[in-house]
Structure formats: C-alpha cells, structure tokens
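Residue numbering restarts at 1 for every chain, and letters A, B, ... go by the order of the sequence lines.
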Amino acid sequence: MNSIVMKQDASTAIRELLAYLLSSSRVDAVLTMRQVPETGSCDLGLITDPSGMVEAEPFLPVMTANAGQALSSISMSGKRIAAVLKPCELRGFTERVKREQGSFDNLLTISSICGGVFPLEKVISGDLEKLVPRYIEKTARAEAPRGLRETCKACEEFVPMNADISVSVTEHGSLMHLHSDRAEEYTEGFEGERIEARADQSHIDRMMKSRSAAKGKLFQSLEKSSGLDGLVDLFGKCVGCHGCSRVCPICYCQHCDFESINFDYNQPYFQESLEARGALRLPPDTILFQLGRLTHMSFSCVGCGMCSDVCPVSIPVAGIFKKTGERTAGLFDYVPGRDSEEPIPVMVFKEEELGDIG
Amino acid sequence: MAAVLPVGSDLSGAMNRFLKTILEKDIVDAVLMPMKVPSGDSFAWIIMSDSSIVDDAEAMAPVMPVQGARALRSLTRKGEGSIRVLALMRPCEIRAAIELSKLGQVKTENLILAAYDCPGAVPMDSFVSDPSSGEDLFRKMLAGEDVSAGEVKPSCTSCVEFSMTDADLHFGHFGLGGTEVLLIPGSPKGMEILEALELPADRETSIWDEAVRKRREKQVASRDAAFEETGENIRGVQGMLNVFADCISCRNCRAACPICYCRLCHFESETAKQDPNSRLDSAVTRGGISLPADRMLFHTGRMTHMSLSCVSCGQCSDACPADIPVAQVFSFVADRTQKAFEYSAGRNDGDPLPLRSFMKSELSGIHEMVSDAEPGGHAHE
Amino acid sequence: MPDFHPRIIGFLCNWCTYAAADLAGSSKLELPPEFTVIRVMCSSRIDHNLILSTFYRGADGILVAGCHPGDCHYGEGNYYARRRFALLKKVMETLDLEPERLELRWVSAAEGNRYAEVVNEFTDRIRKLGPSPIRTSTRL
C-alpha cells in the first residue's frame with residue numbers, strides 16, 4: 001500500500017496536510033479536534049480558514065462528541081470536507097450513512113490506530129496537558145496509558161476499518177497509509193517520501209493482547225448484571241435523562257419513541273398497577289427504556305463510549321451495550337461500521353437463515 | 001398555627017409513620033415518596049398504596065436523582081383519575097409541580113402536595129461514588145450541624161425557598177431540636193388531613209418561624225454572593241463561552257429540568273436544524289464553527305423559554321457531565337427575569353404565567369431609542 | 001468602521017408597520033439598503049427562538065415592529081409580543097449580550113415618516129456598534 005513517511009510527529013504532519021488541503025482548495029472545510037486557547041478547553045471544530053489550523057489537534061485523545069454524529073448532517077452539504085475521525089467515530093458515521101443520515105460522497109476520512117481517549121472529566125479538570133505527552137509515548141510503544149476510559153481499554157476495533165487515510169505511529173516512526181483513490185488524489189503534491197508499507201502488524205498484535213484481556217475483564221464484571229434483578233441493580237439509579245441516547249451516534253431518531261406519547265399512561269394504568277403490586281416507580285419504564293434501546297440499536301453499537309461519559313450517575317452503559325451488541329450483531333455476522341455497503345441486519349433477511357430460533 | 005407530630009428517635013422515621021398512618025386510615029389512596037434503589041447508591045420515587053411498603057421508604061432522601069415534579073408529571077399528565085395521592089417532596093419540587101400545573105402538565109386536583117424544611121441535598125455524583133458518606137453528611141445537614149459548602153449541592157447552599165412553600169401540608173422541623181415536627185396546613189386539603197387524623201392545629205409556631213428566618217438570612221447572603229460571582233463570569237459572548245466552554249451539547253440539563261416539559265425540544269426539532277449547506281456557508285463566513293453546533297443558542301434559548309418558571313432546584317447542574325455551573329447561571333437569569341415581571345415561580349397565589357397574561361399599561365419603557373418616544377401621527381387617533 | 005455593512009432584519013407586522021414601509025417607499029423616503037424586511041402577520045408571531053436564531057445565523061441587529069398597543073389587528077397580539085420581547089431583552093441584558101441590537105417599535109400604517117426615522121436611526125446605531133460578536137465567533 002502506498003504510504004507517506006511523516007517527518008514530524010503525527011499531529012503536526014496531519015495538521016499540515018489539513019492546512020494543505022484547505023489552502024489548495026481541495027476541501028472546503030476540515031473537521032478536527034482543536035484547542036480553544038481562550039477557555040483552555042477543546043472542542044470539535046469545523047474549520048474553513050487555513051489560519052485556524054494552528055489550533056487543530058487532530059489526535060487529541062478526548063471525545064467531546066462522537067465526531068461521526070457531529071459530521072452527519074454537514075456531510076450532506078455537497079461541499080468537500082476532510083474529517084479526522086477516531087475509528088469508532090468513523091464506524092458510527094458509517095452506520096449513520098446506512099440510515100441516510102450522512103454521505104461519503106464529498107468526504108475524505110482520516111483516521112488512526114487509536115490508543116483510546118481519556119474520560120471527559122480529564123478535560124474538565126485541565127489534566128489533559130500533563131497526560132498527553134505520556135500518552136503519545138506509551139501508545140507509540142503499544143502500551144496502554146493510564147486513566148483511559150473503560151470502553152477504550154477494552155476496545156478491539158482500534159484499527160480504522162474504512163478510512164481513506166489511516167495513520168500509524170510506532171517507535172520507528174509515523175506513516176500515513178493511503179487506502180483509496182481519493183486519498184491518492186487529495187494528497188498529490190503534499191510533501192513527503194512515498195513508500196510501500198502497511199501498519200506494523202506486531203504493534204497491532206501487542207495492542208490487541210492488552211485490549212482483549214481488558215475486554216474479558218470488563219464483560220466478566222458485567223456478568224452479575226444479567227437477569228431482571230441484575231438489570232434493576234445496574235439501572236436502578238438511572239435518572240431517566242436519556243443523555244445516553246442523545247449522544248449515541250446510532251440513535252438518530254429526532255423524537256425517541258420512549259419520549260413520545262406512546263409512553264404516557266393514563267390513570268387506570270397506575271390504578272391497576274397499584275392494585276396488582278402495591279407500589280410503582282415514577283416515572284415508570286426505567287428498565288424498559290434501556291431494553292428498548294438495546295433492541296433498537298445494539299447490533300449497530302460501535303462501542304464509542306459516549307453514553308457512559310455523559311451518564312450523570314456513572315452507570316457503565318457502554319459496557320452493557322457493547323457486550324449485548326457483540327452478541328446481537330454476531331447473530332447476523334454483522335460488524336457495525338465495517339463497510340457502508342453492508343446492509344443493516346434488520347433491514348434484510350435470507351430465507352434459509354436462523355432456522356428454529358425458538 | 002400547626003399540629004404537632006412527636007418524634008421518637010428519628011425525624012425521617014416519624015414522618016414515615018405519619019405517611020403510613022394516613023394510608024392505613026384510607027385518608028389517601030397512595031403516597032409518593034423516595035425509596036432507596038436495590039443497589040443502595042441512589043433513591044427513586046415510588047408511589048405506594050400498600051402501607052407496609054412505606055417501612056422501606058425514606059421520607060427525606062439525601063439526594064434528588066429525579067426532580068419530584070417530573071414524577072408527578074408522569075402520573076397526571078394524561079389527566080386525573082380517582083386515586084388521591086399525597087406526595088412528600090422538597091420545597092423546590094413542590095414549586096416545580098405548581099409551575100407545571102400552571103403549564104397544564106400536572107393535575108393537582110387529587111394530589112396533596114406536602115413539603116418539609118429542606119436542609120439541602122447531596123450532589124448526585126458524590127453520593128453515587130460513596131453512598132454511606134453521603135448519608136452521614138445528610139444526617140448532619142438535617143441535624144443543623146455545620147458542613148462545608150463544597151459538599152452540598154451548590155444550588156442548595158444559595159436556596160432561599162427551603163421552607164414553607166405553597167404546599168397543602170408542610171412538615172416544619174427547623175429549630176425544634178429534632179423532638180417534634182410541626183404539621184402546618186397550607187390549604188383546605190392539608191387541613192382535611194389533619195382533621196381526619198384528629199390532630200388539632202393549635203400550636204403556635206414562633207420558635208420554628210424564628211429558626212427559618214435566621215436560616216433564610218444566611219441563605220440570602222450566600223445567594224447574593226453567588227449571583228454576584230455568576231454575573232461577573234457570564235458577561236458577554238466571551239463570558240458565555242467561558243462558562244459553557246466544556247459543554248458537549250448532551251442536553252442532560254434540559255432533560256433533568258422539571259420545567260422543560262416539551263416532548264420534543266425545539267432545539268432538537270427539524271425547525272431548529274440549519275440546512276447543511278447554509279451551516280457550511282456560515283462556517284466559511286466565520287472561518288470555523290464548533291460542533292455540535294448551536295451550543296450557546298440552545299442555552300440562551302432555554303433561558304428565555306423557562307427562566308420565568310425556574311425554581312432553582314439545581315437538577316441541571318447535577319445532570320451535567322461537564323460540571324458546568326448551569327444551575328447558578330439559570331438561577332441568576334431567572335432571578336432577573338422573574339423580578340422584571342414581579343413573578344415568583346412556584347407560588348400558588350393565583351398569579352398567571354407572565355407570558356400568558358398582560359396588562360395594557362405596562363412596559364412602556366422598553367423603547368428607549370427614538371427621542372420622541374411618544375408616537376405621533378397615530379393612525380387611529 | 002467605514003467598510004462595515006451590517007445585516008439588519010426587520011420583522012414587520014403585516015397590518016401596520018409593513019404598510020408603513022410601503023408608504024415610506026412610495027413616498028420616496030430614503031431607507032438603508034442594509035435593512036431587510038420580513039413580513040409577519042403579527043408582532044406576536046415572533047418568538048424568542050426566531051430572534052435568537054436570527055442573531056446566531058448572522059444578523060447584526062433585529063427590529064420587531066407592529067401596530068400600536070390597542071390597535072392590534074387581532075386584538076391583543078402585540079400585548080403578548082411586548083411581554084415576550086421584554087423577557088428576551090432582560091435575558092440579553094442579564095448576560096450582557098448587547099441588548100441594544102434588538103429593538104421593538106410600534107409604527108402604524110399611516111406613519112411612513114416615522115418608519116423611515118425608526119429604521120434609519122436603528123441602522124445607524126448598528127453601524128456604530130459594528131459586527132455582532134455572535135455573528136463572527138468561530139466558537140459558536
């Protein structure tokens with residue numbers, strides 16, 4: 001595969017590439033994480049002015065929103081956009097494209113082998129500045145930095161699946177791999193030595209080893225959360241804010257069924273419930289919402305972890321959804337976000353499949 | 001004047017017994033009160049008709065995970081039935097319920113709203129991470145012991161409506177040394193409960209009045225200081241951007257807000273969506289934008305939408321994953337907007353919602369621009 | 001700021017101020033080119049979100065104008081509009097979001113001169129204020 005050798009660190013090189021794309025008018029806008037110096041915070045910026053690129057931090061290890069979700073509508077503007085996405089964000093975006101919520105038509109996607117991101121609280125506490133140098137060092141050695149989100153530690157899909165350009169960083173240097181004609185075309189004229197290379201497989205294998213171990217642990221810790229009692233135990237403190245669904249790249253419904261009039265009850269319902277049980281939780285349907293969302297979207301869950309990040313009562317939402325998602329997607333040999341041509345499993349069927357499912 | 005409820009060993013227990021009694025005597029059909037969740041690290045609203053379940057409930061919970069008015073909304077939004085329910089909640093929850101009733105989202109006909117002297121609440125995140133310390137802290141707060149302000153929910157430290165709202169029945173315990181609770185009827189409904197229990201409201205309340213007054217004085221000072229600080233921080237577009245710098249547009253604040261009852265928020269609707277093309281154009285004009293877009297539009301929009309009914313319960317801050325002082329900002333804005341209309345959210349005093357009423361001769365000073373402010377050449381004069 | 005051409009939106013009530021704008025036009029009164037008129041059926045059609053969105057979408061100033069109180073075509077619309085407006089203005093004032101960029105005026109159908117005066121004065125004010133920070137920020 002054609003690859004470009006990056007002389008500087010990956011962030012600087014991609015920042016330069018993005019600036020090159022903007023100033024040579026190959027793209028109209030760039031989506032990337034950026035620093036906001038006035039506030040000391042960071043956000044996802046849609047940058048159109050090349051001078052704004054100095055603030056870009058394409059590989060900042062935080063997720064303030066799933067960028068696939070943020071890119072969704074804007075990707076349908078018909079303008080050319082280069083977007084830097086973490087692998088799970090790209091997969092989230094791909095799932096949205098399948099749901100007609102986005103388009104690859106005018107998009108150049110740039111992703112990287114992902115070392116994971118820090119929880120939101122690290123951004124808020126201002127610890128990021130200290131954490132990032134160590135993070136870069138560790139991930140280059142395929143080691144897991146401390147303090148990452150649980151979801152990231154246990155993520156096995158850290159290699160981008162369908163990016164135009166992917167970046168790999170090891171101790172031996174950084175490479176920009178060009179996966180598509182579009183990548184070749186857009187990078188034409190961009191300085192840097194071209195070589196034939198792939199991402200270092202042994203590096204990936206070492207990362208995978210620690211990820212798989214962490215995933216095993218995570219899933220095991222969630223074992224006790226099965227059965228009705230287990231679910232009540234896990235979701236009992238849910239405050240019903242539905243933040244998990246709003247930040248989910250898959251939950252694209254503008255008006256969630258569980259917030260609709262379908263889930264308002266009239267008095268006879270409460271009266272009957274009280275007669276039958278003697279007590280009832282209000283607002284009702286706490287567990288139903290979670291189960292409903294699990295059936296609605298778990299097979300497309302890309303494990304991005306935003307749901308856990310926003311949960312005000314620290315329920316390990318992402319763990320449960322990932323675990324369930326692997327099983328529901330597995331039913332249909334489906335890998336969410338792998339390929340935009342792969343149909344959503346519940347939108348197609350094969351006559352001879354599944355047999356007697358009981 | 002008030003009736004007296006004797007307290008044995010613990011305050012909350014005495015209130016539990018009271019609620020159990022009114023269920024047993026069929027004075028109400030059900031009570032709504034908090035109960036600890038099975039995992040032990042939070043509380044949930046439970047409506048119960050079976051009086052034995054009251055034993056497992058907690059009249060006064062250390063935290064407020066779901067604003068009580070939201071529970072009442074889910075119960076009565078579709079209309080009133082025949083069950084008579086007594087709901088025991090914090091004053092800010094009762095006030096939100098009253099606002100929601102004005103907004104047609106809570107029907108109060110068969111509800112008896114009961115409140116108690118609220119010592120404040122423990123923030124949700126600290127309670128979830130260490131429930132037993134949270135419970136200890138709340139016990140201290142109830143007993144009136146000094147706790148550091150940083151441990152209490154920030155909106156509670158500057159709450160001036162911690163007692164005696166327009167509830168049907170109020171449980172007053174401040175200044176009484178934990179030996180008794182005053183049952184203060186606030187409406188004929190509350191009076192009926194006391195009458196059914198044959199509890200005469202014959203006790204005068206001066207000791208309690210004085211304790212409440214003293215506490216309010218302290219709270220007012222702390223609220224004014226909080227307002228001043230917020231007012232300084234929030235000035236101008238840059239001030240807004242600083243305060244909301246870490247906002248990720250999850251809109252948990254809106255979802256946790258008892259007043260924001262819209263099923264589909266305007267800002268999440270198709271109407272509010274800018275078409276992708278003009279969104280990009282606007283990015284080009286500026287040189288860049290932040291995504292998800294319209295963060296500040298959302299916050300300022302929500303302020304104009306709900307600040308007149310804001311009860312400063314602080315749920316927005318509790319639900320914020322980015323620790324933004326949303327409640328302080330909204331409370332500050334609400335104070336200004338409510339004053340402008342001489343309106344106080346959560347009062348049952350017959351005042352209509354300001355935006356649903358008007359006076360013909362008011363607000364004449366809002367045009368300050370043209371020097372001859374009095375219109376001339378009036379077509380119909 | 002000689003090069004600054006503000007974008008000003010006027011939401012005008014169909015029955016009074018829009019007619020006044022017509023009258024001003026047919027009377028050949030001078031009106032600023034930066035002032036874009038949007039006709040609405042009543043000043044009470046304007047809600048907060050419409051005004052705030054207009055600011056966020058790039059307006060430097062917004063004028064809402066309708067019939068004089070007591071003369072609303074629909075009876076009481078402008079009384080409600082006045083309250084909503086007062087609320088929004090109070091929020092902008094509390095946050096120091098340059099409330100002077102927003103104005104509510106009553107201009108009847110017969111007041112062509114007054115219309116021109118109001119619009120010119122408001123446009124001058126916005127020209128002096130310069131571009132709205134809400135329009136230019138790259139952080140919004």
Side-chain angles (χ1 to χ4, degrees), chain B residues 231 234-241 245 266-267 271-272 274 278 282-283 285-290 293-297 300-301 303-305 307-308 329 332-333 335-337 339-341 354-364 366-372 375-381, chain C residues 16 19-20 47-53 55-58 63 67-71 76 78-100 103-114 117-118 121-122 125 132-140:
Chain B
I234 198 78
R235 292 176 79 84
V237 174
Q238 193 52 51
M240 279 285 277
L241 283 168
H266 168 82
F267 296 101
T271 321
Q274 199 176 8
S278 16
S282 123
T285 317
R286 295 163 190 258
I289 53 169
S290 182
D294 292 339
R295 275 191 302 178
M296 300 304 153
L297 175 60
T300 38
M303 275 170 209
T304 56
H305 261 187
S307 71
L308 283 172
V329 173
F332 169 68
V333 173
D335 177 70
R336 300 298 190 271
T337 57
K339 271 188 188 142
F341 290 96
L355 293 189
R356 293 208 183 156
S357 52
F358 63 85
M359 284 181 283
K360 288 191 173 168
S361 54
E362 63 173 1
L363 300 170
S364 55
I366 54 173
H367 340 272
E368 80 283 8
M369 186 186 73
V370 182
S371 40
D372 58 345
H378 198 166
H380 300 270
E381 267 172 11
Chain C
C16 287
D47 63 57
H48 304 130
N49 291 342
L50 203 52
I51 294 185
L52 287 169
S53 305
F55 275 125
Y56 277 77
R57 303 284 181 262
L63 177 75
C67 312
H68 288 275
D71 290 341
E76 301 172 335
N78 48 8
Y79 289 121
Y80 290 102
R82 188 170 62 181
R83 281 211 160 195
R84 272 183 232 159
F85 182 88
L87 170 64
L88 179 54
K89 194 100 168 166
K90 178 57 77 179
V91 169
M92 291 180 71
E93 192 185 293
T94 306
L95 300 173
D96 214 355
L97 289 177
E98 308 192 357
E100 57 277 21
E103 189 66 34
L104 173 69
R105 307 299 301 175
W106 311 127
V107 183
S108 79
E111 297 174 313
N113 282 319
R114 189 174 138 79
E117 192 186 330
V118 165
E121 227 176 305
F122 185 63
R125 179 203 294 184
S132 159
I134 297 179
R135 175 158 81 82
T136 49
S137 171
T138 61
R139 310 302 187 202
L140 293 172

For C:Y80 against B:L355, the heavy-atom pair lying closest together: CD2-O, 3.6 Å
All heavy atoms of B:G301 vs all of C:N49, minimum pair found to be CA-OD1, 4.2 Å
Would you indicate whether the side-chain heavy atoms of C:L87 and B:S307 approach each other to under 4.5 Å? yes
Are the side chains of C:F55 and B:T300 in contact, using a 4.5 Å heavy-atom criterion? no
For the side chain of C:R83 and the backbone of B:F341, is there at least one donor-acceptor N/O pair under 3.5 Å apart? no
Cut-off 4.5 Å, heavy atoms of chain C, and the answer for B:A283 is neither
Atom CZ in C:R84, atom OG1 in B:T304: separation rounded to 0.5 Å? 11.0 Å
Once rounded to the nearest 0.5 Å, what's the spacing between atom OG1 of B:T285 and atom CZ of C:R57? 12.5 Å
Interface moiety of B:I234 toward chain C, non-hydrogen atoms closer than 4.5 Å: both
Side chain proximity check, C:R135 to B:V237, heavy atoms < 4.5 angstrom: no
Please round to the nearest 0.5 Å and tell me the distance separating atom CE of B:M240 and atom OG of C:S137. 11.5 Å
Are C:T94 and B:M303 side-chain neighbours, meaning at least one heavy-atom pair lies under 4.5 Å? no
Shortest non-hydrogen pair, C:L140 vs B:I289, comes out as O-CB, 3.4 Å
Among C:L88, C:L97, C:I51, which residue has the highest count of heavy-atom pairs closer than 4.5 Å to chain B? C:L97
Straight-line distance of C:E76 CD to B:F358 CZ, nearest 0.5 Å: 3.5 Å
Which heavy atom of C:Y79 sits nearest a heavy atom of B:M359, and at what distance? CD2-O, 4.3 Å
Output the distance between atom NE2 (B:H305) and atom CG (C:D47), rounded to the nearest 0.5 Å. 6.0 Å
Pick one of side chain, backbone, both or neither for B:Q238, based on which atoms fall under 4.5 Å of a heavy atom in chain C. neither
With a 4.5 Å cut-off on side-chain heavy atoms, are B:R336 and C:L95 touching? no
Smallest separation among heavy atoms of C:T138 and B:R286, with atom names: CG2-O, 3.2 Å
Show the nearest heavy-atom pair for residues B:R295 and C:R139, with the distance to one decimal. NH2-O, 3.4 Å
Quick one: does B:K339's side chain get under 4.5 Å of C:K90's, heavy atoms only? no
For C:T136, is it the side chain, the backbone, both, or neither that has a heavy atom closer than 4.5 Å to a heavy atom of chain B? backbone
